[in-house]
Amino acid sequence: MNRREFLLAAAGAAAASTLSFSGRLFAAPAGTPRFLLVFLRGGYDCNNLLVPCGSDFYYESRPTLAIAKPDAANPDSALPLDADWALSPVVRDSLYPLWQKKQLAFIPFAGTNDLSRSHFETQDHIERGQPLGHDTNYRSGFMARLSGALNNATPAIAFTNNLPLSFQGAGRDIPNISLQSDPKAHFDARQSAILAGMYKGTALAQASADGLALPKTVSDDLRNEMVAASRGAPSAHNFAAETRRIATLMRDQYRLGFVDVGGWDTHVNQGSTKGGLANNLKNLGEGLAAYADAMGDAWNDTTVVVLSEFGRTFRENGDHGTDHGHGTVHWVLGGKVAGGRLAGEQLAVTPPNLLQNRDYQVLNDYRDVLGGMFTRLWGLSSSQLQTVFPQAKPKDLRLV
């Protein structure tokens, strides 16, 4: 083998390791629950998505960032959900229709009891799904444990460059692949044959073969899917393009999925209905609407949960942004989600009800909320749930 082929083989080995499987690709049974976790890394500002429009304190606290109270004559005003809450107008054409169809619910005052306000510590804490003070396994994620509790019969995949902590420690190979750009096979037929030959007869033979096969499968199937679904129109930018590709795999093969989205740390010039946060929310909303559309009938068996490591300070800072906070708002979407409502325990948005005079409190612990949801979706026993979320007290919000 010459040097070029050796380097190619080394790259292929890495790809096979990243896109590895314990067996061949297979399709999951039809009609089984599908669950996608969307992790917003950076701590998104929930107050400029789910607007506490009934709180005068909100408008006092955000002189440049607040979104105007609902006003039919003002296209930049918030969209009313009830007497106390409204939705950012940047998701008027994406999330709002799902709310009106009762396929979207919000859980305010949600999150974790981790008060470090560190992106990395809190992200890891959430992905591990273990209680603070517990004998922590730093390489065990709650999605991996969920997969194990379901006897590994629920195919799982991460739509990420690297396997996230959520899916680590499964005791089996879980594939990961990034679909942020148009997926395509990285090796031609000759190169693939060289790589397959290197691992023939070894323990890595099947993993390398599956790792090489997945990009081509994704490339061929999803390119055809996108052309048909678009009907000649260009798809939405960024996340919407990715979610249409994700939908094909989640609809036809997988039942547990994870994808993360960055860019939510908005300390400076955050903006209101214009600016970086508004653009991110618009793209995210379009992506989720595209996902719902691309899932077709399978949307009725689908649950999507959107969360972030923490919220942001209720008051804007001197740089027209917001700083690391605590409580946040989770989203729950799906064809049969009991939506069109604010779920979970809530408080009035007033100064005395802030945590440490700065943040939303956490009244709905994410482990309890997801525990209740997983119990309803898969009928988990108490012992199975404690494996997934040790010491959790499942909270059934009857969303699924």
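Contact annotation: the side chain of Phe142 approaches that of Phe374 to within less than 4.5 Å [non-hydrogen atoms, C-beta and beyond]. Within the 4.5 Å cutoff, the side chain of Val38 has heavy atoms near those of the Leu36 side chain. Two residues are said to be in side-chain contact when any heavy atoms from C-beta on lie closer than 4.5 Å; Trp264 and Leu284 meet this criterion. For the pair Ser140/Gln130, a side-chain contact is recorded, criterion being any heavy-atom separation below 4.5 Å from C-beta on. Using a 4.5 Å cut-off on side-chain heavy atoms (C-beta onward), Phe310 and His324 make contact. A heavy-atom distance below 4.5 Å is not found between the side chains of Cys46 and Pro108. Considering only heavy atoms from C-beta on, Trp378 comes within 4.5 Å of Leu146 through its side chain. The closest side-chain heavy-atom distance from Val362 to Asn113 is not below 4.5 Å.
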The test is side-chain contact (heavy atoms from CB on, under 4.5 Å); show your working for Phe314 and Tyr58 and say whether it passes.
CA-CA 8 Å; Phe314 194 78; Tyr58 169 75; 3.8 Å; yes
Any chance you could lay out the side-chain contact (heavy atoms from CB on, under 4.5 Å) test for Ile157 and Phe167, step after step, and finish with the verdict?
CA-CA 8 Å; Ile157 187 170; Phe167 267 135; over 6 Å; no
Can you list the steps and then say if Lys336 with Thr302 is a side-chain contact (heavy atoms from CB on, under 4.5 Å)?
CA-CA 8 Å; Lys336 290 187 177 178; Thr302 295; over 6 Å; no
Could you please spell out the steps behind the side-chain hydrogen bond (donor to acceptor under 3.5 Å, both in side chains) verdict for Glu316 and Thr64?
CA-CA 8 Å; Glu316 69 176 79; Thr64 70; 2.7 Å; yes
Are Arg376 and Asp396 close enough, and set up right, to give a salt bridge (charged side-chain N to carboxylate O under 4.0 Å, His left out), and what steps lead you there?
CA-CA 8 Å; Arg376 290 182 69 89; Asp396 185 2; 3.0 Å; yes
Before you tell me yes or no, could you show the steps for His320 and Val268 under side-chain contact (heavy atoms from CB on, under 4.5 Å), namely the whole-Å CA-CA distance, both residues' side-chain angles and the distance that decides it to 0.1 Å?
CA-CA 6 Å; His320 306 298; Val268 178; over 6 Å; no
Check step by step if ring pair (Phe, Tyr, Trp, His ring centres under 6.0 Å) holds for Phe258 and Phe159.
CA-CA 6 Å; Phe258 176 100; Phe159 301 99; 9.4 Å; no
Go through the steps to decide whether Asp359 and Arg117 satisfy the test salt bridge (charged side-chain N to carboxylate O under 4.0 Å, His left out), and finish with yes or no.
CA-CA 11 Å; Asp359 311 316; Arg117 293 190 176 87; 2.2 Å; yes
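Between the side chain of Thr243 and the main chain of Gly287, a donor-acceptor pair closer than 3.5 Å is present. Using a distance-only test at 3.5 Å, with no hydrogens or angles considered, a donor-acceptor pair links the side chain of Glu309 to the main chain of Gly42. Thr375 contributes a side-chain N or O that, together with a main-chain N or O of Gly371, makes up a donor-acceptor pair within less than 3.5 Å. Asp114 places no side-chain N or O within 3.5 Å of a backbone atom of His125 that could act as its donor or acceptor partner. Of the possible donor and acceptor atoms, none in the side chain of Arg34 sits under 3.5 Å from a partner among the backbone N and O of Asp301. Judged purely by atom type and a 3.5 angstrom limit, Ser272 uses its side chain to pair as donor or acceptor with the backbone of Leu65. Judged by distance alone, the side chain of Arg255 and the main-chain N or O of Met250 form a donor-acceptor pair under 3.5 Å. The backbone N or O of Arg315 sits nowhere less than 3.5 Å from a side-chain atom of Ser61 that would complete a donor-acceptor pair. The backbone N or O of Gly43 sits less than 3.5 Å from a side-chain atom of Ser308, completing a donor-acceptor pair. Formation of a donor-acceptor pair under 3.5 Å by the Arg128 side chain with backbone atoms of Ser166 is not found in this model.
The side-chain hydrogen bond (donor to acceptor under 3.5 Å, both in side chains) test applied to Tyr291 returns no partner, not counting sequence neighbours.
If you check the side chains of His267 and Asp323, you find a donor sitting under 3.5 Å from an acceptor. A side-chain donor from one of Thr322 and Gln270 sits under 3.5 Å from a side-chain acceptor of the other. Using modelled atom types, one finds a donor on one side chain and an acceptor on the other under 3.5 Å when comparing Gln103 with Trp299. No side-chain donor-acceptor contact under 3.5 Å links Thr112 and Arg367.
Residue Asp260 holds its CG atom at 11.0 Å from CG of Leu307, rounded to the nearest 0.5 Å. Between the CG atom of Asp293 and the CG atom of Leu288 there is a distance of 12.5 Å, given to the nearest 0.5 Å. Atom CZ in Phe389 sits 7.5 Å away from atom CG in Leu385 (nearest 0.5 Å). Atom CD1 of Ile67 is separated from atom SG of Cys53 by 10.5 Å, given to the nearest 0.5 angstrom. In this structure, CG in Leu281 is found 11.0 Å from CD in Glu286, a value given to the nearest 0.5 Å. Distance CZ/Phe239 to NZ/Lys282: 14.5 Å, rounded to 0.5 Å.
The hydrophobic cluster containing Tyr96 also contains Tyr44, counting ILVMFWY residues as joined when their side-chain heavy atoms lie under 4.5 angstrom apart, directly or transitively. In this structure, Met373 is a member of the same hydrophobic cluster as Leu256, with clusters built from ILVMFWY side-chain heavy atoms closer than 4.5 Å. Residue Leu165 is not grouped with residue Ile174 when hydrophobic side chains (ILVMFWY) are merged at heavy-atom distances under 4.5 angstrom, including chains of intermediate members. Leu355 and Ile107 are assigned to two separate hydrophobic clusters, defined by single-linkage of ILVMFWY side chains at heavy-atom distances under 4.5 Å. Linking ILVMFWY side-chain heavy atoms closer than 4.5 Å, directly or via other members, places Leu347 and Leu50 in a single hydrophobic cluster.
The heavy-atom pair separating Ala144 from Gly169 by the smallest distance is CB-C, 4.1 Å. Taking each heavy atom of Asn74 and Ala68 in turn, the nearest pair found is ND2-CB, 3.9 Å. Of all non-hydrogen atoms in Leu163 and Ala158, the two that sit nearest each other are CD1-CB, 4.3 Å. The two residues Ala78 and Pro89 have their closest heavy-atom pair at CA-CD, 4.2 Å. Scanning all heavy atoms of the two residues, the minimum distance from Ala149 to Val388 falls at CB-CG2, 4.1 Å. Counting all heavy atoms, side chain and backbone alike, Trp99 lies closest to Ala105 at CZ3-CA, 4.4 Å.
The pair Glu127-Arg41 counts as a salt bridge, with a side-chain nitrogen and a carboxylate oxygen less than 4.0 angstrom apart. Of the charged side-chain nitrogens involved, at least one lies within less than 4.0 Å of a carboxylate oxygen, so that Asp76 and Lys274 count as a salt-bridged pair. Electrostatic pairing of Asp265 and Arg312 counts as a salt bridge here, judged by a charged N lying under 4.0 Å from a carboxylate O. Salt-bridge check for Asp365 with Lys393: failed, with every basic side-chain N at 4.0 Å or more from each acidic carboxylate O.
The only member of Thr313, Asn353, Thr328, Asn47 that meets side-chain hydrogen bond (donor to acceptor under 3.5 Å, both in side chains) when paired with Tyr360 is Asn47.
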